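What follows is a single structure, written as structure tokens, with notes after it.
Values in this document were obtained by computation on a predicted structure and should not be read as measured data. Per chain, numbering begins at 1; letters A, B, ... match sequence-line order.
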There are 2 protein chains.
Amino acid sequence: MSNQMTIYDISKKAGVSIATVSRVLNGSTNVKPRTKKKVMDIIEQYGYKPNAFARGLGLNSMKTIGILCADASDLYLAKAIYYIEQNLRENGYHSVLCCTGYEMASRKDSLNLLLSQHVDSVVMVGSNFIMNNAEDNQYVKDAAATVPIMLLNADFDCSNVYCTLCDDYKATQDATEKMLDAGMQNILYLYNSNSYSGLKKLAGYQNALLTHDIPLKKELQQCFKGSHEDIDGVKNFVDHIYKKGIRFDGIVTSDDFLAVGAMNFARANNINVPGDLQIIGYNNSILTLCSEPDISSVDNRLEDMCIQLVKTLIGTLSQNEMPQKTIFSGELIKRGSTSF
Amino acid sequence: MSNQMTIYDISKKAGVSIATVSRVLNGSTNVKPRTKKKVMDIIEQYGYKPNAFARGLGLNSMKTIGILCADASDLYLAKAIYYIEQNLRENGYHSVLCCTGYEMASRKDSLNLLLSQHVDSVVMVGSNFIMNNAEDNQYVKDAAATVPIMLLNADFDCSNVYCTLCDDYKATQDATEKMLDAGMQNILYLYNSNSYSGLKKLAGYQNALLTHDIPLKKELQQCFKGSHEDIDGVKNFVDHIYKKGIRFDGIVTSDDFLAVGAMNFARANNINVPGDLQIIGYNNSILTLCSEPDISSVDNRLEDMCIQLVKTLIGTLSQNEMPQKTIFSGELIKRGSTSF
DNA sequence: CTGAAAGCGCTAACAG
DNA sequence: CTGTTAGCGCTTTCAG
């Protein structure tokens, strides 16, 4: 019953006009305290709730933000979503979630779906929304013509697009250099994405080697194509590389699940970690705590990034001038899988 | 530009009335093919998209479902959200996500927030929305007066509330019995929630012991209060129990992270798994694959449940009579942490 | 098969 | 300080 009531019903019962009810509802100051109380009482009494659609139609906004991500069940993305949703809600915004998968076409579809829903902005969570060629990124540009676009973990120069990211290039370079400094000679780089950010990480690895005058070897840069759930697949993948005679004394990865797979490979082959093989993960997720030894990993300050992203978003929606790019630094969390 | 267009603009350009445009938009059959094409062409040409708010106001629905969950970064819940969102989208519904945390007050607030948004239904993901006393569950009843409520992993008898769950009682009982049959005498039960479902699992454990004429011991039923991220905390928790002199040759848990913590405890104390200690997790998450040996775990067919839940939801919204309760059976996935 | 017109419930000028 | 009124853009009778 109660939520069938309209502002008209309330105005009648309170003996005022709908405008006054609306004012009370929206906290306008220009209402006499007494009438305000009278109206409030009626609202309270009947449990009246304003109709969100009508309000949305009038204001052309329902205070809703679209969250786009490839896969909400990915450990890292799930955390990001959690932080972002929470911060948005604290700022009075709702979150419409839309998981796109990893196909380009469905990314575009999902984005359009959100836009047709009239969201106030779209947050793209994860590096895989920006590819390494302009054509594939056109859909972001197009969307930015309608609403501000917030990118987490991606870097894209475009008006009305705001990026919050970690310097993955530097973080990977640092991690690799620490390994090199500790004496490792043959470092395998294991990654799973060719997104813009994925290639940045790879470049960080490469640059670390070059800085140390170590030639790059193609066979030491391996891309695993499987799912982030397929730890066994990773293990077999590394095993396969190893069985081909390729040798390495260190492994730097672009994601913790790859590091876990590498760890399982080592155990299966009686390779001592960190004695004979050192391993570094990325994202500092719970996965790093599950194996023995536990796994060193790059923490890229996800929560800080999410908080910042929402701040920037809210600022933008409030017509404030906001920085288009905010860059955090990653930090290697040292655990048992490395000895430095 | 394009999405500023209204149905009026289109009707003018097509030389028809807005009613006709609306009919075309909604696929009404009563439109002459030729006019239909004419209108479609204009719509196409100008990239017109109907205003979702206006439509929502008219139809009193924006085809949006609220998803409530304690913590979208929890491995299990994140997966559930992923499956549900995907299935909803395939059925033309959007998902508004709202993470409530584990406090009762904020559960109610979040629910009200969703209802004030005029969602068509609310899905509550996770057992912790139903407590073991009627008073605490009143808020669900109240909400059900407005929209259908879908419960995943919880059991609650109430009109307009639909439950999709796994028989956690039986699954835990089975797992415990298998351990008993394999000869374990002192089985520690490790859990972390007093939700209705949490207590069901506990009862399953207890019943298994009783069936085998083994007296229940309080010190063998331990509730870990920490976060699902705190694997080290779990390890210390079990360690503390052990150091108190309490002995066990098997551990059954209510969540995989507890099993991983138990595994780490065993390793730290040089207790052989599964030789001297067998461990069973719950949820069959990726965590079971990270340690050596890998961990046996109860799979409760999350994806099937989610698919079913959405089917039931869609049916209900289409005014079909749907079953109020759908119960799946869990299945123990045997891995290296058990020897049976 | 098509058009006119009455809402849907709220916000925001504009008057008073 | 309060009321009147004109939209917001779409759906849906009801006539024709």
Side-chain angles (χ1 to χ4, degrees), chain A residues 1-43 46-64 92 115-120 146, chain B residues 1-43 46-64 92 115-120 146:
Chain A
M1 298 294 102
S2 48
N3 40 2
Q4 324 274 29
M5 291 211 112
T6 74
I7 201 170
Y8 291 95
D9 301 323
I10 299 298
S11 77
K12 243 175 251 161
K13 298 206 188 280
V16 298
S17 74
I18 58 165
T20 300
V21 178
S22 178
R23 286 189 191 101
V24 174
L25 243 31
N26 295 298
S28 165
T29 50
N30 299 331
V31 183
K32 203 203 296 181
R34 244 187 68 199
T35 34
K36 182 168 180 173
K37 174 159 178 21
K38 190 169 55 180
V39 173
M40 294 270 258
D41 285 349
I42 301 281
I43 288 177
Y46 290 90
Y48 162 75
K49 297 263 186 284
N51 181 308
F53 300 147
R55 179 175 274 170
L57 181 57
L59 299 178
N60 202 33
S61 157
M62 272 181 64
K63 295 260 234 176
T64 299
L115 294 179
S116 77
Q117 257 266 90
H118 259 76
V119 293
D120 296 334
T146 312
Chain B
M1 297 295 102
S2 47
N3 41 0
Q4 325 273 27
M5 290 211 114
T6 74
I7 201 171
Y8 291 95
D9 300 324
I10 300 298
S11 77
K12 243 175 250 161
K13 297 204 189 281
V16 299
S17 74
I18 58 167
T20 299
V21 178
S22 178
R23 286 189 191 101
V24 173
L25 243 30
N26 295 297
S28 165
T29 49
N30 299 331
V31 183
K32 203 204 295 178
R34 243 186 69 200
T35 34
K36 182 167 179 174
K37 174 160 179 23
K38 189 170 56 180
V39 173
M40 295 271 257
D41 285 349
I42 301 280
I43 288 177
Y46 290 89
Y48 161 75
K49 296 264 187 283
N51 181 309
F53 300 147
R55 177 174 274 170
L57 181 57
L59 300 178
N60 202 33
S61 157
M62 270 180 66
K63 297 264 241 174
T64 300
L115 294 179
S116 77
Q117 257 265 91
H118 259 76
V119 293
D120 296 335
T146 313

Nearest non-hydrogen partners of A:Y48 and A:T6, listed with the distance: CE1-C, 3.7 Å
Contacts of B:N51 that satisfy side-chain hydrogen bond (donor to acceptor under 3.5 Å, both in side chains) - sequence neighbours left out: none
Any B:S17 side-chain nitrogen or oxygen under 4.0 Å from OP1 or OP2 of C:dT2: no
Qualifying residue for side-chain contact (heavy atoms from CB on, under 4.5 Å) with A:V24, from A:T35, A:V39, A:V16: A:V39
Sidechain-backbone polar pair: B:N26 side chain, B:S22 backbone, donor-acceptor under 3.5 Å: yes
Pairing residues for B:S61 by the side-chain hydrogen bond (donor to acceptor under 3.5 Å, both in side chains) criterion, not counting sequence neighbours: B:D120
Atom-to-atom span, CD1 of B:I10 to C1' of D:dT11 - whole angstrom: 17 Å
Under 4.0 Å protein heavy-atom contacts per nucleotide of nucleotides 7-16 of chain C, with B for base, S for backbone only and - for none: -BBBBBB---
side-chain contact (heavy atoms from CB on, under 4.5 Å) assessment of B:K38 paired with B:K13: CA-CA 10 Å; B:K38 189 170 56 180; B:K13 297 204 189 281; over 6 Å; no
Closest approach of B:H118 to A:A52 (non-hydrogen atoms, all atoms of both residues): ND1-N, 4.1 Å
Selection: residues 33-40 of chain A, any non-hydrogen atom under 4.0 Å of DNA chain D: A:T35
Rounded distance (Å) that lies between atom P of D:dT11 and atom CE of B:M62: 13 Å
B:D41: partners by side-chain hydrogen bond (donor to acceptor under 3.5 Å, both in side chains), with sequence neighbours left out: B:K37
Flag, side chain of A:T20 to backbone of A:I18, donor-acceptor distance under 3.5 Å: no
Between NZ on residue B:K36 and CZ on residue B:R23, distance to nearest 0.5 Å: 12.5 Å
Helical bend (five base pairs per end, nearest 10°) for the helix from C:dC1-D:dG16 to C:dG16-D:dC1: 40°
